[in-house]
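Comments concern the structure below.
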Amino acid sequence: MLLTDCRLADGRTGMHVLLRGERVAAILDAPVEDAEVVDVGGALLLPALTDFHLHLDKSLFGLPWMPHAAGPDRMSRIETDARVLPALPVEPRATAMLRRCIAAGSVHFRSHVDITPAFGLRNLEGVLAVKAAHADQCHIQTVAFPQAGVMRAPGTLELLEEALRQGADVLGGLDPCEVDRDPKGQLDALFALAGRHGVGLDIHLHEAGKLGLFSIAEICARTRAAGMQGRVWISHGFALGAAPEGKLMAAAADMATSGVGLVSHGAGAAPLPPLLRLGDAGVPIALGNDNMRDTWGPYGTGDMLERAAIIGWRLDARTDAAMERVFGWVVESGARAMGVEVPAVAVGAVASFVSVTAESVPEAVAQHAKRGLLVFRGRVAWHPENRCLDSAPARHMS
(Lines give C-alpha, C1' and ligand atoms only; values in the text may rest on other atoms or scores of the structure.)
Protein backbone atom coordinates (compact mmCIF):
# COMPACT_ATOMS: atom_id res chain seq x y z
CA MET A 1 0.00 0.00 0.00
CA LEU A 2 1.33 3.41 -0.96
CA LEU A 3 0.15 6.61 0.73
CA THR A 4 0.76 9.31 -1.87
CA ASP A 5 1.04 13.10 -1.76
CA CYS A 6 1.84 13.30 1.96
CA ARG A 7 3.11 16.32 3.83
CA LEU A 8 5.56 15.34 6.57
CA ALA A 9 6.18 17.07 9.88
CA ASP A 10 9.71 18.03 8.79
CA GLY A 11 8.22 20.21 6.03
CA ARG A 12 8.65 17.90 3.04
CA THR A 13 5.65 17.78 0.70
CA GLY A 14 4.52 15.44 -2.05
CA MET A 15 6.08 12.44 -0.32
CA HIS A 16 5.04 8.80 -0.70
CA VAL A 17 4.94 6.43 2.29
CA LEU A 18 5.15 2.73 1.41
CA LEU A 19 3.67 0.25 3.88
CA ARG A 20 4.26 -3.49 4.08
CA GLY A 21 2.24 -5.36 6.65
CA GLU A 22 2.15 -3.32 9.85
CA ARG A 23 5.24 -1.21 9.18
CA VAL A 24 6.65 1.62 7.13
CA ALA A 25 8.83 0.11 4.41
CA ALA A 26 10.04 3.31 2.77
CA ILE A 27 9.50 7.05 2.45
CA LEU A 28 9.96 8.04 -1.18
CA ASP A 29 10.20 11.12 -3.38
CA ALA A 30 8.47 9.31 -6.24
CA PRO A 31 5.70 6.69 -6.36
CA VAL A 32 6.37 3.01 -6.97
CA GLU A 33 4.46 0.62 -9.19
CA ASP A 34 2.57 -2.49 -8.15
CA ALA A 35 1.17 -0.96 -4.96
CA GLU A 36 -2.39 -0.13 -3.95
CA VAL A 37 -2.54 3.65 -3.85
CA VAL A 38 -4.30 5.82 -1.27
CA ASP A 39 -4.13 9.53 -2.04
CA VAL A 40 -3.62 11.61 1.11
CA GLY A 41 -4.28 14.78 -0.88
CA GLY A 42 -1.39 16.85 0.43
CA ALA A 43 -2.49 16.53 4.06
CA LEU A 44 -0.05 16.32 6.95
CA LEU A 45 0.62 12.71 7.97
CA LEU A 46 1.07 12.35 11.73
CA PRO A 47 1.38 9.44 14.18
CA ALA A 48 -2.04 8.31 15.39
CA LEU A 49 -3.20 9.70 18.74
CA THR A 50 -3.60 8.26 22.24
CA ASP A 51 -6.42 8.98 24.70
CA PHE A 52 -4.99 7.87 28.02
CA HIS A 53 -8.08 8.56 30.13
CA LEU A 54 -11.70 8.11 29.09
CA HIS A 55 -14.82 6.31 30.33
CA LEU A 56 -16.40 4.27 27.54
CA ASP A 57 -19.00 2.76 29.86
CA LYS A 58 -20.41 6.14 30.95
CA SER A 59 -21.04 7.52 27.45
CA LEU A 60 -24.43 8.83 26.38
CA PHE A 61 -23.43 9.15 22.72
CA GLY A 62 -25.90 7.50 20.39
CA LEU A 63 -28.85 8.42 22.62
CA PRO A 64 -31.19 11.41 22.45
CA TRP A 65 -29.82 14.44 24.26
CA MET A 66 -30.13 14.08 28.04
CA PRO A 67 -30.07 17.25 30.16
CA HIS A 68 -27.41 17.12 32.86
CA ALA A 69 -29.10 15.75 35.99
CA ALA A 70 -26.33 15.41 38.59
CA GLY A 71 -25.42 17.98 41.21
CA PRO A 72 -22.05 19.76 41.35
CA ASP A 73 -20.33 17.29 43.69
CA ARG A 74 -18.79 13.91 42.88
CA MET A 75 -21.10 11.89 45.12
CA SER A 76 -24.17 13.28 43.33
CA ARG A 77 -22.65 12.22 40.01
CA ILE A 78 -21.89 8.76 41.35
CA GLU A 79 -25.47 8.45 42.55
CA THR A 80 -26.76 9.62 39.16
CA ASP A 81 -24.65 6.97 37.43
CA ALA A 82 -26.16 4.29 39.64
CA ARG A 83 -29.68 5.58 38.95
CA VAL A 84 -29.49 6.18 35.19
CA LEU A 85 -26.94 3.85 33.60
CA PRO A 86 -28.14 0.36 34.63
CA ALA A 87 -31.13 0.69 32.28
CA LEU A 88 -28.87 1.55 29.30
CA PRO A 89 -26.90 -1.22 27.55
CA VAL A 90 -23.17 -0.54 27.58
CA GLU A 91 -22.13 -1.75 24.13
CA PRO A 92 -24.12 0.66 21.89
CA ARG A 93 -23.09 3.71 23.93
CA ALA A 94 -19.44 2.70 24.17
CA THR A 95 -19.36 1.92 20.45
CA ALA A 96 -20.82 5.32 19.53
CA MET A 97 -18.17 7.10 21.61
CA LEU A 98 -15.30 4.92 20.41
CA ARG A 99 -16.12 5.48 16.74
CA ARG A 100 -16.11 9.24 17.29
CA CYS A 101 -12.69 8.99 18.91
CA ILE A 102 -11.30 6.83 16.11
CA ALA A 103 -12.66 9.14 13.40
CA ALA A 104 -10.81 11.99 15.18
CA GLY A 105 -7.51 10.13 14.88
CA SER A 106 -7.08 8.18 18.14
CA VAL A 107 -6.19 4.48 18.08
CA HIS A 108 -4.79 3.84 21.58
CA PHE A 109 -7.12 4.14 24.57
CA ARG A 110 -7.06 3.60 28.33
CA SER A 111 -10.69 3.30 29.44
CA HIS A 112 -11.68 3.31 33.08
CA VAL A 113 -14.65 1.00 33.67
CA ASP A 114 -16.86 1.30 36.75
CA ILE A 115 -16.66 -1.71 39.04
CA THR A 116 -19.13 -1.09 41.86
CA PRO A 117 -21.67 -3.09 43.87
CA ALA A 118 -24.42 -1.40 41.80
CA PHE A 119 -22.90 -2.40 38.44
CA GLY A 120 -21.05 -5.58 39.30
CA LEU A 121 -19.02 -6.57 36.22
CA ARG A 122 -21.62 -5.68 33.56
CA ASN A 123 -19.77 -2.55 32.44
CA LEU A 124 -16.50 -4.44 32.07
CA GLU A 125 -18.21 -7.18 30.08
CA GLY A 126 -19.69 -4.57 27.75
CA VAL A 127 -16.42 -2.71 27.21
CA LEU A 128 -14.49 -5.94 26.64
CA ALA A 129 -17.03 -6.88 23.96
CA VAL A 130 -16.53 -3.50 22.27
CA LYS A 131 -12.76 -3.92 22.54
CA ALA A 132 -12.93 -7.28 20.76
CA ALA A 133 -15.26 -5.94 18.06
CA HIS A 134 -12.86 -3.09 17.22
CA ALA A 135 -9.54 -4.91 17.46
CA ASP A 136 -8.79 -4.08 13.81
CA GLN A 137 -9.29 -0.36 14.39
CA CYS A 138 -7.72 0.36 17.77
CA HIS A 139 -6.12 -0.86 20.98
CA ILE A 140 -8.05 -0.52 24.25
CA GLN A 141 -6.62 -1.02 27.72
CA THR A 142 -9.18 -1.35 30.51
CA VAL A 143 -8.94 -0.12 34.10
CA ALA A 144 -11.08 -1.73 36.81
CA PHE A 145 -12.24 1.49 38.44
CA PRO A 146 -13.96 1.58 41.88
CA GLN A 147 -16.06 4.68 41.19
CA ALA A 148 -18.10 4.33 44.39
CA GLY A 149 -15.02 3.88 46.58
CA VAL A 150 -13.26 0.83 47.96
CA MET A 151 -13.46 0.67 51.74
CA ARG A 152 -16.84 2.44 51.93
CA ALA A 153 -18.44 0.00 49.48
CA PRO A 154 -18.31 -3.55 50.90
CA GLY A 155 -17.68 -6.19 48.26
CA THR A 156 -15.77 -3.86 45.92
CA LEU A 157 -12.35 -5.41 46.53
CA GLU A 158 -13.72 -8.83 45.63
CA LEU A 159 -15.31 -7.39 42.47
CA LEU A 160 -12.04 -5.70 41.50
CA GLU A 161 -10.17 -8.97 41.87
CA GLU A 162 -12.72 -10.77 39.71
CA ALA A 163 -12.50 -7.98 37.13
CA LEU A 164 -8.75 -8.54 36.87
CA ARG A 165 -9.34 -12.27 36.47
CA GLN A 166 -11.82 -11.60 33.68
CA GLY A 167 -9.51 -9.41 31.63
CA ALA A 168 -9.16 -5.91 33.09
CA ASP A 169 -5.61 -4.73 32.38
CA VAL A 170 -5.03 -2.18 35.15
CA LEU A 171 -6.36 -1.56 38.65
CA GLY A 172 -7.95 1.80 39.48
CA GLY A 173 -8.41 3.81 42.64
CA LEU A 174 -10.19 6.94 43.81
CA ASP A 175 -9.54 9.70 46.39
CA PRO A 176 -8.36 7.60 49.34
CA CYS A 177 -9.00 10.39 51.84
CA GLU A 178 -12.13 12.20 50.62
CA VAL A 179 -14.12 9.23 49.33
CA ASP A 180 -13.00 6.33 51.52
CA ARG A 181 -11.66 8.41 54.45
CA ASP A 182 -9.21 5.57 54.95
CA PRO A 183 -6.08 6.23 52.88
CA LYS A 184 -4.03 3.51 54.53
CA GLY A 185 -6.76 0.93 54.13
CA GLN A 186 -7.51 1.78 50.50
CA LEU A 187 -3.95 2.17 49.26
CA ASP A 188 -2.62 -0.86 51.11
CA ALA A 189 -5.45 -2.96 49.65
CA LEU A 190 -5.01 -1.66 46.10
CA PHE A 191 -1.24 -2.04 46.00
CA ALA A 192 -1.54 -5.56 47.42
CA LEU A 193 -4.16 -6.49 44.83
CA ALA A 194 -2.11 -5.01 42.00
CA GLY A 195 0.93 -6.91 43.22
CA ARG A 196 -0.91 -10.24 43.31
CA HIS A 197 -2.07 -9.83 39.72
CA GLY A 198 1.02 -8.13 38.33
CA VAL A 199 -0.85 -5.09 37.01
CA GLY A 200 -0.32 -1.36 37.16
CA LEU A 201 -2.37 1.24 39.04
CA ASP A 202 -4.18 4.38 37.86
CA ILE A 203 -5.69 6.38 40.73
CA HIS A 204 -8.15 9.24 40.26
CA LEU A 205 -7.04 11.98 42.65
CA HIS A 206 -9.32 15.00 42.84
CA GLU A 207 -8.31 15.94 46.39
CA ALA A 208 -7.14 19.53 46.73
CA GLY A 209 -4.56 21.29 48.88
CA LYS A 210 -2.61 19.55 51.62
CA LEU A 211 -4.91 16.53 51.49
CA GLY A 212 -4.12 15.91 47.82
CA LEU A 213 -0.39 16.39 48.38
CA PHE A 214 -0.55 13.92 51.27
CA SER A 215 -2.21 11.33 49.02
CA ILE A 216 0.41 11.88 46.31
CA ALA A 217 3.18 11.29 48.84
CA GLU A 218 1.48 8.11 50.09
CA ILE A 219 1.09 6.80 46.54
CA CYS A 220 4.74 7.53 45.74
CA ALA A 221 5.97 5.85 48.92
CA ARG A 222 3.99 2.67 48.18
CA THR A 223 5.13 2.68 44.56
CA ARG A 224 8.76 2.64 45.64
CA ALA A 225 8.15 0.04 48.33
CA ALA A 226 6.36 -2.25 45.87
CA GLY A 227 8.96 -1.79 43.13
CA MET A 228 6.24 -0.50 40.78
CA GLN A 229 8.14 2.47 39.35
CA GLY A 230 6.81 3.31 35.90
CA ARG A 231 3.56 1.40 36.44
CA VAL A 232 1.58 3.85 38.58
CA TRP A 233 -0.31 6.90 37.33
CA ILE A 234 -2.23 9.62 39.11
CA SER A 235 -5.14 10.95 37.12
CA HIS A 236 -5.92 14.66 37.63
CA GLY A 237 -3.73 15.50 40.64
CA PHE A 238 -5.51 18.83 41.06
CA ALA A 239 -3.57 19.57 44.24
CA LEU A 240 -0.49 20.16 42.09
CA GLY A 241 -2.27 23.01 40.33
CA ALA A 242 -2.47 25.22 43.40
CA ALA A 243 0.48 24.05 45.49
CA PRO A 244 3.00 26.58 46.81
CA GLU A 245 6.28 26.55 44.92
CA GLY A 246 8.26 24.57 47.47
CA LYS A 247 5.60 21.91 47.95
CA LEU A 248 5.01 21.66 44.19
CA MET A 249 8.66 20.97 43.42
CA ALA A 250 8.96 18.55 46.34
CA ALA A 251 5.96 16.59 45.04
CA ALA A 252 7.38 16.69 41.51
CA ALA A 253 10.70 15.30 42.71
CA ASP A 254 8.89 12.60 44.68
CA MET A 255 6.85 11.57 41.63
CA ALA A 256 9.85 11.61 39.31
CA THR A 257 11.94 9.51 41.70
CA SER A 258 9.08 7.06 42.13
CA GLY A 259 8.24 6.89 38.43
CA VAL A 260 4.66 7.99 39.12
CA GLY A 261 3.07 9.69 36.12
CA LEU A 262 0.35 12.32 35.88
CA VAL A 263 -2.64 12.19 33.52
CA SER A 264 -4.54 15.42 32.84
CA HIS A 265 -7.60 16.43 30.86
CA GLY A 266 -7.46 20.13 31.72
CA ALA A 267 -10.65 20.26 33.80
CA GLY A 268 -12.16 23.71 33.42
CA ALA A 269 -13.29 24.05 37.04
CA ALA A 270 -10.06 22.87 38.70
CA PRO A 271 -6.52 24.21 38.94
CA LEU A 272 -4.42 22.81 36.09
CA PRO A 273 -1.13 21.32 37.25
CA PRO A 274 1.85 23.06 35.58
CA LEU A 275 2.42 20.17 33.18
CA LEU A 276 5.38 21.68 31.34
CA ARG A 277 7.25 22.32 34.59
CA LEU A 278 6.35 18.91 35.96
CA GLY A 279 7.61 17.32 32.75
CA ASP A 280 10.84 19.30 33.05
CA ALA A 281 11.19 17.88 36.58
CA GLY A 282 10.99 14.33 35.23
CA VAL A 283 7.33 13.52 35.87
CA PRO A 284 5.81 11.42 33.05
CA ILE A 285 2.85 13.32 31.53
CA ALA A 286 -0.05 11.96 29.47
CA LEU A 287 -3.41 13.39 28.38
CA GLY A 288 -6.95 12.11 28.00
CA ASN A 289 -10.45 13.38 27.30
CA ASP A 290 -11.95 11.95 30.52
CA ASN A 291 -15.74 12.40 30.64
CA MET A 292 -17.49 13.13 27.36
CA ARG A 293 -21.24 13.62 27.02
CA ASP A 294 -22.16 11.46 29.99
CA THR A 295 -23.82 11.82 33.37
CA TRP A 296 -20.79 13.72 34.65
CA GLY A 297 -20.85 16.44 31.99
CA PRO A 298 -22.28 17.32 28.58
CA TYR A 299 -19.03 18.47 26.95
CA GLY A 300 -16.43 16.58 24.90
CA THR A 301 -16.17 15.41 21.31
CA GLY A 302 -13.60 12.60 21.45
CA ASP A 303 -10.97 14.69 19.65
CA MET A 304 -7.54 14.49 21.29
CA LEU A 305 -6.16 17.32 19.15
CA GLU A 306 -8.98 19.47 20.52
CA ARG A 307 -8.03 18.33 24.02
CA ALA A 308 -4.39 19.18 23.34
CA ALA A 309 -5.48 22.64 22.19
CA ILE A 310 -7.51 23.21 25.36
CA ILE A 311 -4.63 22.16 27.59
CA GLY A 312 -2.03 24.03 25.53
CA TRP A 313 -4.15 27.18 25.76
CA ARG A 314 -4.47 26.83 29.54
CA LEU A 315 -0.71 26.23 29.84
CA ASP A 316 -0.01 29.30 27.67
CA ALA A 317 1.96 26.99 25.36
CA ARG A 318 2.42 29.53 22.56
CA THR A 319 5.70 28.51 20.95
CA ASP A 320 6.03 25.77 18.37
CA ALA A 321 8.34 23.87 20.71
CA ALA A 322 5.80 23.96 23.54
CA MET A 323 2.95 22.84 21.27
CA GLU A 324 5.08 19.99 19.96
CA ARG A 325 5.62 18.87 23.55
CA VAL A 326 1.88 18.85 24.12
CA PHE A 327 1.46 16.84 20.92
CA GLY A 328 3.98 14.31 22.25
CA TRP A 329 1.73 13.81 25.27
CA VAL A 330 -1.15 12.74 22.99
CA VAL A 331 0.97 10.37 20.92
CA GLU A 332 3.90 8.92 22.81
CA SER A 333 3.37 9.04 26.57
CA GLY A 334 0.18 7.04 26.92
CA ALA A 335 1.09 4.52 24.22
CA ARG A 336 4.44 3.85 25.88
CA ALA A 337 2.77 3.49 29.29
CA MET A 338 0.38 0.89 27.84
CA GLY A 339 3.29 -1.09 26.42
CA VAL A 340 2.22 -0.20 22.88
CA GLU A 341 4.88 0.51 20.27
CA VAL A 342 4.83 4.24 19.61
CA PRO A 343 3.90 5.00 15.99
CA ALA A 344 6.04 7.29 13.86
CA VAL A 345 6.26 8.37 10.23
CA ALA A 346 9.65 6.72 9.88
CA VAL A 347 11.06 3.67 8.12
CA GLY A 348 10.63 0.57 10.26
CA ALA A 349 8.07 2.17 12.58
CA VAL A 350 4.64 0.73 13.20
CA ALA A 351 2.22 2.18 10.64
CA SER A 352 -0.49 3.95 12.67
CA PHE A 353 -1.23 7.37 11.19
CA VAL A 354 -3.79 10.15 10.90
CA SER A 355 -3.83 12.75 8.15
CA VAL A 356 -4.81 16.33 9.01
CA THR A 357 -5.31 19.52 7.01
CA ALA A 358 -2.42 21.45 8.50
CA GLU A 359 1.12 22.44 7.56
CA SER A 360 2.79 21.49 10.83
CA VAL A 361 2.31 19.85 14.21
CA PRO A 362 1.79 23.20 16.00
CA GLU A 363 -0.91 24.19 13.51
CA ALA A 364 -2.58 20.79 13.92
CA VAL A 365 -2.72 21.36 17.69
CA ALA A 366 -3.76 25.00 17.65
CA GLN A 367 -6.27 25.17 14.80
CA HIS A 368 -8.60 22.16 15.16
CA ALA A 369 -7.39 20.70 11.89
CA LYS A 370 -9.76 18.53 9.89
CA ARG A 371 -9.05 14.80 10.01
CA GLY A 372 -8.80 12.51 6.98
CA LEU A 373 -7.33 9.03 6.62
CA LEU A 374 -6.66 6.93 9.72
CA VAL A 375 -4.39 3.89 9.59
CA PHE A 376 -3.98 1.45 12.49
CA ARG A 377 -1.08 -1.00 12.31
CA GLY A 378 -1.17 -1.06 8.52
CA ARG A 379 -4.96 -1.23 8.26
CA VAL A 380 -7.31 1.49 7.08
CA ALA A 381 -9.37 2.15 10.19
CA TRP A 382 -11.16 5.23 8.88
CA HIS A 383 -11.43 7.09 5.60
CA PRO A 384 -13.91 9.92 5.00
CA GLU A 385 -14.89 8.44 1.64
CA ASN A 386 -15.65 4.87 2.73
CA ARG A 387 -15.99 5.07 6.53
CA CYS A 388 -14.17 1.80 7.17
CA LEU A 389 -15.57 1.70 10.70
CA ASP A 390 -18.97 0.87 9.25
CA SER A 391 -17.68 -2.37 7.77
CA ALA A 392 -15.39 -4.92 9.38
CA PRO A 393 -12.78 -6.20 9.08
CA ALA A 394 -10.65 -3.26 8.06
CA ARG A 395 -8.49 -3.58 4.96
CA HIS A 396 -4.90 -4.65 5.54
CA MET A 397 -2.21 -2.75 3.68
CA SER A 398 0.25 -5.21 2.20
Side-chain angles (χ1 to χ4, degrees), residues 51-61 65-85 97 101 110-112 114 143 145-149 172-180 202-216 233-244 247-248 251 261-278 283 285-317 326 329-330 365 368:
D51 188 331
F52 199 53
H53 186 123
L54 78 166
H55 296 263
L56 286 169
D57 59 323
K58 293 183 185 292
S59 171
L60 298 177
F61 281 116
W65 182 261
M66 289 188 180
H68 184 66
D73 61 285
R74 287 194 300 280
M75 296 312 297
S76 173
R77 295 167 188 171
I78 292 169
E79 291 164 2
T80 302
D81 278 347
R83 185 177 70 254
V84 172
L85 295 182
M97 174 188 280
C101 295
R110 172 175 278 190
S111 178
H112 297 259
D114 284 8
V143 182
F145 175 48
Q147 176 69 90
L174 172 71
D175 295 330
C177 295
E178 284 191 348
V179 172
D180 272 340
D202 191 328
I203 300 174
H204 283 56
L205 193 63
H206 309 89
E207 297 166 355
K210 294 180 180 179
L211 196 61
L213 294 175
F214 168 81
S215 290
I216 290 171
W233 289 79
I234 292 172
S235 286
H236 308 315
F238 296 142
L240 296 168
K247 293 185 181 298
L248 170 67
L262 180 68
V263 192
S264 180
H265 76 292
L272 179 66
L275 303 178
L276 294 168
R277 292 189 64 200
L278 291 168
V283 179
I285 304 294
L287 306 182
N289 272 303
D290 198 9
N291 295 96
M292 294 179 278
R293 191 177 164 181
D294 58 19
T295 57
W296 284 60
Y299 296 99
T301 65
D303 185 347
M304 279 307 297
L305 282 182
E306 178 183 76
R307 183 61 47 184
I310 291 169
I311 290 173
W313 178 73
R314 293 195 64 196
L315 291 172
D316 200 26
V326 175
W329 296 338
V330 300
V365 170
H368 304 287

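This one's a predicted model, so the numbers in the text were calculated from it and none came from an experiment.
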Could you check whether any side-chain heavy atom of [X] comes within less than 4.5 Å of a side-chain heavy atom of [Y], counting everything from C-beta outward?
X      : Y      : result
Arg307 : Val330 : no
Pro298 : Trp65  : yes
Asp294 : Phe61  : no
His236 : His53  : yes
Val179 : His206 : no
Met304 : Leu287 : yes

List for me each residue that meets side chain to side chain contact (heavy atoms under 4.5 Å, CB included) alongside Leu240, sequence neighbours excluded, and say none if there are none.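 For Leu240, the residues satisfying side chain to side chain contact (heavy atoms under 4.5 Å, CB included) (neighbours in sequence not counted) are Leu213, Ile216, Leu248, Ala251, Met255, Leu262, Pro273, Leu278.
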
Please enumerate all residues that pass side chain to side chain contact (heavy atoms under 4.5 Å, CB included) together with Ala82, with sequence neighbours excluded.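 Applying side chain to side chain contact (heavy atoms under 4.5 Å, CB included) to Ala82 gives Ala118.
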
[X] versus [Y], closest heavy-atom pair with distance:
X      : Y      : answer
Ser76  : Gly71  : OG-N, 2.6 Å
Ile311 : His265 : CD1-C, 3.7 Å
Pro274 : Gly241 : CD-CA, 4.4 Å
Ser264 : Gly266 : OG-N, 3.2 Å
Ala309 : Val365 : CB-O, 3.1 Å
Leu205 : Gly212 : CD2-O, 3.8 Å

Check the pair Leu85, Thr295 against side-chain contact (heavy atoms from CB on, under 4.5 Å), reporting the backbone distance first and the verdict last. CA-CA 9 Å; Leu85 295 182; Thr295 57; 4.2 Å; yes

Check salt bridge (Lys or Arg N to Asp or Glu O under 4.0 Å) between Asp316 and all other residues, then give those that pass, not counting sequence neighbours.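 For Asp316 the salt bridge (Lys or Arg N to Asp or Glu O under 4.0 Å) partners, ignoring immediate neighbours, are Arg318.
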
Partner residues of Arg293 under the salt bridge (Lys or Arg N to Asp or Glu O under 4.0 Å) criterion, sequence neighbours left out: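 Testing Arg293 for salt bridge (Lys or Arg N to Asp or Glu O under 4.0 Å), a comparison that skips the adjacent residues, returns none.
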
All side-chain hydrogen bond (donor to acceptor under 3.5 Å, both in side chains) counterparts of Arg314, not counting sequence neighbours: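 Arg314 satisfies side-chain hydrogen bond (donor to acceptor under 3.5 Å, both in side chains) with no other residue.
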
So, using side-chain hydrogen bond (donor to acceptor under 3.5 Å, both in side chains) as the criterion, who are the partners of Ser215 when residues are at least two apart?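 With neighbours one apart ignored, the set is Glu207.
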
Please test Asp114 against Lys58 for salt bridge (Lys or Arg N to Asp or Glu O under 4.0 Å), starting from the C-alpha separation and ending with a verdict. CA-CA 8 Å; Asp114 284 8; Lys58 293 183 185 292; 2.7 Å; yes

Passing option when Trp296 is tested against Asp81, Asp290, Asn291 for side-chain hydrogen bond (donor to acceptor under 3.5 Å, both in side chains):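 Of the listed residues Asp81, Asp290, Asn291, the side-chain hydrogen bond (donor to acceptor under 3.5 Å, both in side chains) partner of Trp296 is Asp81.
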
Set out, in order, the CA-CA distance, both residues' side-chain angles and the distance that settles side-chain contact (heavy atoms from CB on, under 4.5 Å) for Leu54 and Cys101, then state yes or no. CA-CA 10 Å; Leu54 78 166; Cys101 295; 4.2 Å; yes

I'd like to know if the side chain of Asp303 reaches the main chain of Leu305, judged simply by a donor and an acceptor atom lying under 3.5 Å from each other, with no hydrogens or angles considered.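 Such a contact is found between Asp303 side chain and Leu305 backbone.
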
Between Arg110 and Val143, is there a donor-acceptor pair closer than 3.5 Å when you use the side chain of the first and the backbone of the second?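 No; judged by distance alone, with no hydrogens or angles, the pair does not exist.
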
Do Phe52 and Trp233 have ring centres separated by under 6.0 Å?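 Yes, the ring of Phe52 comes within the 6.0 Å limit of the ring of Trp233, centre to centre.
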
For the pair Thr301 and Met292, evaluate side-chain contact (heavy atoms from CB on, under 4.5 Å) and give the outcome as yes or no after the intermediate values. CA-CA 7 Å; Thr301 65; Met292 294 179 278; over 6 Å; no

Looking at CG of Asp51 and CE of Met97, how far apart are the two atoms once the value is rounded to the nearest 0.5 Å?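 It comes to 9.0 Å.
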
Quick one: pull up CG in Leu315 and CG in Leu276 and give me the separation to the nearest 0.5 Å.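 Interatomic distance, Leu315 CG to Leu276 CG, rounded to 0.5 Å: 5.0 Å.
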
Does one side chain, of Ser235 or Asp202, offer a donor that lies under 3.5 Å from an acceptor on the other?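 The answer is yes; a qualifying pair exists.
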
Evaluate side-chain contact (heavy atoms from CB on, under 4.5 Å) for Glu306 paired with His368, printing each intermediate quantity in order. CA-CA 6 Å; Glu306 178 183 76; His368 304 287; 3.9 Å; yes

